[in-house]
Number of protein chains: 2
Amino acid sequence: MISALRHLSPRGSEAALKRFGALADLTATEIALVRAAAEEVEIAPAGTEIQREGEPVRRPRLILSGWACRQRVLADGRRQIFGFVVAGDLIGLSLLPSPRGAADLPAPGATLAITSLVTCDATGLRQAALDGDQAHAGIARALSEAVRRERDHLLDHVVRLGRLTAYERIGDLLLELYARLSAVGLAGGGEFPMPLTQELLADSLGLSVVHLNRVLQQYRRAGLLTIRSGRVTLLKPEAVVVAAGRSPSNAVA
Amino acid sequence: MISALRHLSPRGSEAALKRFGALADLTATEIALVRAAAEEVEIAPAGTEIQREGEPVRRPRLILSGWACRQRVLADGRRQIFGFVVAGDLIGLSLLPSPRGAADLPAPGATLAITSLVTCDATGLRQAALDGDQAHAGIARALSEAVRRERDHLLDHVVRLGRLTAYERIGDLLLELYARLSAVGLAGGGEFPMPLTQELLADSLGLSVVHLNRVLQQYRRAGLLTIRSGRVTLLKPEAVVVAAGRSPSNAVA
DNA sequence: CGTCTCGTTGAGCTAAGTCAAGGTAGGTGG
DNA sequence: CCACCTACCTTGACTTAGCTCAACGAGACG
């Protein structure tokens with residue numbers, strides 16, 4: 001199931017590495033450490049279940065390129081997606097101490113590769129962060145920051161699902177993705193790649209595919225944005241911010 | 001705002017301490033450490049905002065008795081509650097390394113005392129967990145476990161909001177509360193105290209108060225449970241499990 | 001004996017879901 | 001090159017879960 005090929009010399013992972021470094025100031029030594037970790041990559045084809053729910057958590061990995069999502073599937077087939085993972089994000093990372101005991105716990109959700117996914121092992125980075133060595137303080141800060149952001153995204157998602165309308169939810173999620181992809185250099189000028197099917201978006205936003213489609217039409221007809229051939233174009237980003245019901249101050253976050 | 005009285009010799013906190021100890025096996029020394037931390041308590045009256053959103057995170061605290069909730073309020077007044085906190089739970093705890101930098105970050109949500117809330121400072125416990133001393137391994141495991149459970153509850157909440165019907169959401173939340181309170185000895189025989197108003201429940205479950213009320217009627221009329229004078233009674237717990245759409249295996253979790 | 005908070009109920013409305021039928025584009029095999 | 005999948009998107013018609021507005025009841029409290 002985790003059919004993975006191993007390669008050397010990854011391509012196209014520069015952005016992810018740069019973004020990881022942007023989480024905190026890193027020393028030259030630390031940067032070298034990160035690059036070394038990214039030397040040996042694993043490629044998972046689209047559709048692969050990187051992590052199965054309930055099975056022991058795998059070692060932490062840094063995404064170098066591609067998209068994944070964390071999800072849970074109910075007994076009757078209903079699915080809820082917790083969030084999406086893009087280049088520069090980490091999966092399976094917990095900065096809890098106690099190396100033993102903390103691992104081998106059942107995963108609270110599955111992780112699914114949406115596109116072909118290139119990752120590298122982040123176990124070394126995690127250990128560097130936890131060894132208390134002052135020389136690795138930057139790595140520690142970067143990983144803390146990554147964990148913190150993941151948690152914040154989850155809280156945002158709870159608000160979306162609980163208290164935003166379908167129209168607001170969509171705008172809000174697209175703005176989050178735009179901001180996150182911009183940080184990795186994968187978005188700019190209001191555009192970004194969008195490999196997510198409407199089914200994935202619907203299962204993330206707690207909507208039916210049909211309704212999601214109709215609400216997207218509203219955005220399209222209002223001239224606020226378009227989604228075509230795997231790309232999102234925010235034609236009027238400020239208007240989308242308003243549509244999402246965000247306060248202007250919260251806009252860029 | 002954080003009008004807090006300081007007392008010694010807390011009363012009624014035994015259950016919370018016992019439950020904290022149940023998160024992991026603790027040595028006698030560790031138990032003494034926890035008891036020492038619980039010597040000096042802070043009492044926040046109901047309605048107090050223990051932690052304001054956006055303000056620097058306060059030092060971690062262990063709840064000895066009372067209820068609180070973590071929430072976010074939107075610009076137009078809509079509110080989303082992320083979850084409830086009861087005796088034995090921790091608030092403001094992050095086990096990230098880097099003592100500096102990790103603190104002073106803006107809180108991603110507010111924490112509100114629902115009832116009068118008795119807490120004690122958990123900074124010492126946190127430090128004991130992070131100092132790497134083998135003598136504190138139990139504390140470290142207990143805190144990791146607490147963080148892990150909090151995250152799992154949040155994921156459950158996302159599923160509730162995104163993919164469960166109102167009827168299922170209510171049953172599911174009540175079952176979670178029942179399980180958690182049972183662990184502290186505050187619930188048993190299908191009964192537990194319920195200081196939450198219908199407004200709090202509604203803002204947690206992403207429903208309107210009116211609709212929440214009506215769905216509660218359904219449960220009541222079906223003879224599955226009652227909520228009266230601050231107490232929930234699960235008359236047919238197994239039937240509630242079914243109503244919540246949980247698989248039997250997942251029932252007790 | 002007002003007033004306040006909380007719970008309850010009715011009436012009517014709307015956001016969102018379901019069911020069902022096409023449409024489009026890329027991919028594969030004859 | 002065409003014929004045929006298959007996965008995904010789109011649209012229409014209809015149903016329903018959940019919301020809003022509004023009124024009222026009951027207990028708590030000064």
Side-chain angles (χ1 to χ4, degrees), chain A residues 45-47 67 74 76-80 112-116 160-173 193-221 225-232 243-245, chain B residues 45-47 67 69 74 76-81 112 114-116 160-173 193-221 225-233 243-245:
Chain A
W67 290 56
L74 304 187
D76 61 0
R78 283 178 288 182
R79 168 169 73 164
Q80 178 60 48
L112 182 72
I114 293 171
T115 66
S116 173
R160 265 196 289 266
L161 293 170
R163 280 296 179 237
L164 297 197
T165 65
Y167 193 68
E168 292 169 324
R169 283 181 219 184
I170 293 173
D172 194 63
L173 177 61
M194 165 57 90
L196 308 178
T197 63
Q198 296 192 352
E199 185 179 3
L200 284 163
L201 283 172
D203 282 344
S204 159
L205 296 173
L207 302 170
S208 69
V209 183
V210 173
H211 194 238
L212 177 92
N213 182 292
R214 285 194 229 272
V215 179
L216 277 180
Q217 305 292 336
Q218 288 184 48
Y219 271 107
R220 199 174 302 165
R221 278 198 267 269
L225 58 84
T226 63
I227 304 188
R228 254 206 320 267
S229 58
R231 285 193 77 77
V232 171
Chain B
W67 290 56
C69 69
L74 304 187
D76 60 1
R78 282 177 289 182
R79 167 170 72 164
Q80 178 60 47
I81 290 176
L112 181 71
I114 293 171
T115 66
S116 173
R160 265 196 288 268
L161 293 170
R163 281 294 179 236
L164 298 196
T165 66
Y167 194 69
E168 293 170 322
R169 284 182 217 185
I170 293 175
D172 195 62
L173 178 60
M194 164 58 87
L196 308 177
T197 63
Q198 296 192 352
E199 186 179 3
L200 283 164
L201 283 172
D203 282 344
S204 159
L205 296 175
L207 302 170
S208 69
V209 184
V210 173
H211 195 238
L212 178 91
N213 181 292
R214 285 193 230 271
V215 180
L216 277 179
Q217 305 292 338
Q218 289 185 46
Y219 271 107
R220 199 172 302 164
R221 279 199 264 270
L225 59 84
T226 64
I227 304 189
R228 254 204 321 265
S229 58
R231 284 194 78 76
V232 171
T233 307

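We name chains A, B, ... by the order of the sequence lines, and we start the count at 1 in each one. Heavy atoms only: backbone and side chains are in, while hydrogens, waters and symmetry mates are out.
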Inset, instruction - Could you tell me whether the side chain of B:L201 reaches within less than 4.5 Å of the side chain of B:V209, counting heavy atoms only? - result: no
Inset, instruction - Could you run through nucleotides 12-30 of chain D and give me one letter per nucleotide, 5' to 3': B if any protein heavy atom sits under 4.0 Å from the base, S if only the sugar-phosphate is that close, - if neither? - result: BB----BSBB---------
Legend entry - Results of side chain to side chain contact (heavy atoms under 4.5 Å, CB included) for B:P195 - residues two or more places apart only: B:W67, B:T115
Legend entry - Test side chain to side chain contact (heavy atoms under 4.5 Å, CB included) applied to A:S116 - qualifying residues, sequence neighbours left out: A:I43
Inset, instruction - Please name the pair of heavy atoms, one in B:L161 and one in B:G206, separated by the smallest distance, quoted to 0.1 Å. - result: CD2-N, 3.7 Å
Kindly write out the residues that satisfy side chain to side chain donor-acceptor pair (under 3.5 Å) with [X], not counting sequence neighbours, or none if the list is empty.
X	value
B:T197	none
B:Q217	B:N213
B:T165	B:E168

Inset, instruction - Using atom CD of A:E199 as one end and atom C1' of D:dT6 as the other, report the distance to the nearest whole Å. - result: 14 Å
Inset, instruction - Could you check how far CD of A:Q198 sits from P of D:dA7, rounded to whole Å? - result: 16 Å
Legend entry - Outermost DNA chain C nucleotides near chain A [under 4.0 Å, heavy atoms]: C:dA16 to C:dC19
Legend entry - Pairwise salt bridge (Lys or Arg N to Asp or Glu O under 4.0 Å) hits with a residue in residues 202-221 of chain A, at least two apart: A:R79-A:D203, A:D203-B:R163
Legend entry - Five-pair end axes of the helix from C:dC1-D:dG30 to C:dG30-D:dC1 and the angle they enclose, rounded to 10°: 30°
Inset, instruction - Would you check if the side chain of B:Y167 reaches a backbone N or O of B:Y219 as a donor-acceptor pair within less than 3.5 Å? - result: no
Inset, instruction - Using salt bridge (Lys or Arg N to Asp or Glu O under 4.0 Å) as the criterion, list what pairs up with A:R160, not counting sequence neighbours. - result: A:D172, A:E176
